[in-house]
Every structure is written in structure tokens, then in C-alpha cells.
Amino acid sequence: MSGRPARTGPKLIKILIPVLMLAAAAGVGLALLVARLVQPEALPVDTNPVPAAGRNLCGASVTMYFDTDELMTRASGSFHGDPKTRRVFTETRAEAWERFKRIFAEHPDLVENSNREAMPASLNLLPQRGVDLEEWAAELRRRHPEAKKVVVLDPAHPPPGMPVATATPSAPPRG
């Protein structure tokens, strides 16, 4: 036999418990560090209305249509400080007409037979992360009964029967 006494159960437990607690604390700390590193960066928030002209908006959004530019402009100011809104893009009726003409430039008969006055003014609202778009759209319909129509546009969840692009480019953070 060696000159060392054999370790007994209680003495081993006195050493093992602090070692296990230290290992658990280190594991939790490491998990929190990894979670922080993989957390997506905060998206920029700017709820000052900006003209949508010349921008290709991508990603999920809610679009509100109005009969007049005045109604659209009045509604656009109501989103300043709205916790669900990340960006607000405006389009006047004249801007909508110009966009329509660009889109259908290869079909002059369609443009010629279209009514400029039928173009609505619109707000395109980009949401904060985690906002339920359908719920938000319902809320906007109640808050803005002057809106002719409120539509959810979500490329990740197209309506049934709509063709889906096989590859969608990533959206820039500013919308």
C-alpha cells in the first residue's frame, strides 16, 4: 500500500461540485458569447418619409394606397416614432404614373389606354424585425380608414398560385 490515504466519497464531492459548477458557468458564458456574436445587427430606423422613386424595395412590407396625395402625405407623418415601422417610402400619383409608364414601356398601347387619374398615391412601410405583417396591416386599416387599400407584400410568403423566383437577391439594410 502507498502512504497516501484513499480518497473518500465526501472529500471527492467537495472537489467535484465546485469543478462542475465552474465548468457549467464557463459553458453558459461561452453560449452567451456565441449568441451575441451570431445576433443579427440592428437595422437602421428612419421613419421620416422618403420618396420611393428610383428605389427597388425588397423584403417584406406593407403598402397603403390613397386616392389623393394629400391623404397619403397626412398619413405618412403618423409613422414617426411608430415602434413597428423601420422606414417609410412615399409615392405620389404622378410618381406612380411615371413608374407605370417605365414598367410598361414595351406596351405603348397599354400605356395609351390607361388612365393617369387611376394611379393611387401610396406609402410603402418597412417593418421592424418580428412584426406580424397581417396583424400590422389590420391595425393600419383601423388607424387609417382613409386608405383605399392596405396590402401585405412578403416575397417569402407569396399568395397561393403566384410563381416564385428561384433565387432572390438579398435586400440592403436601408430598404
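Inter-residue side-chain proximity for Thr63 and Val150 is flagged as unmet; no heavy-atom pair is nearer than 4.5 Å. Between Val152 and Trp136 the shortest side-chain heavy-atom distance does not fall below 4.5 Å. Counting heavy atoms from C-beta on, the side chains of Met72 and Pro120 never come closer than 4.5 Å. Two residues are said to be in side-chain contact when any heavy atoms from C-beta on lie closer than 4.5 Å; Tyr65 and Val151 meet this criterion. Looking only at side-chain heavy atoms (C-beta outward), Leu126 and Ser61 come within less than 4.5 Å of each other. A heavy-atom distance below 4.5 Å is not found between the side chains of Phe66 and Thr73. The closest side-chain heavy-atom distance from Met64 to Ser122 is not below 4.5 Å.
Evaluation of the salt bridge (charged side-chain N to carboxylate O under 4.0 Å, His left out) test over residues 66-77, restricted to residues two or more places apart or in two chains, returns Asp67-Lys148.
The nearest pair of heavy atoms linking Arg93 to Ala118 is NH2-N, 4.2 Å. Residues Trp97 and Arg116 approach most closely at CE3-CA, 3.5 Å, considering heavy atoms. Scanning both residues, Leu110 and Phe100, for their nearest heavy atoms gives CG-CZ, 4.4 Å. Of all non-hydrogen atoms in Pro127 and Ala60, the two that sit nearest each other are CD-O, 3.2 Å. The shortest heavy-atom contact between Arg143 and Ser78 is NH2-O, 3.7 Å.
Arg87 contributes no side-chain N or O that, together with a main-chain N or O of Leu125, makes up a donor-acceptor pair within less than 3.5 Å.
In this structure, CG in Leu71 is found 11.0 Å from OG in Ser76, a value given to the nearest 0.5 Å. The distance from the NE2 atom of His107 to the CD atom of Glu112 is 14.5 Å, given to the nearest 0.5 Å.
Remark: Glu135 pairs with Lys84, Asp132 by the side-chain contact (heavy atoms from CB on, under 4.5 Å) rule, at least two apart or across chains.
Other residues, nucleotides and ligands contribute more than 12 heavy atoms inside 6.0 Å of the NZ atom of Lys101.
Note on Leu140: it does not cluster hydrophobically with Leu153, by side-chain heavy-atom contacts below 4.5 Å among ILVMFWY residues.
A salt bridge does not link Arg99 with Glu95: none of the charged nitrogens is closer than 4.0 Å to a carboxylate oxygen. Electrostatic pairing of Arg142 and Glu139 does not count as a salt bridge here, judged by no charged N lying under 4.0 Å from a carboxylate O.
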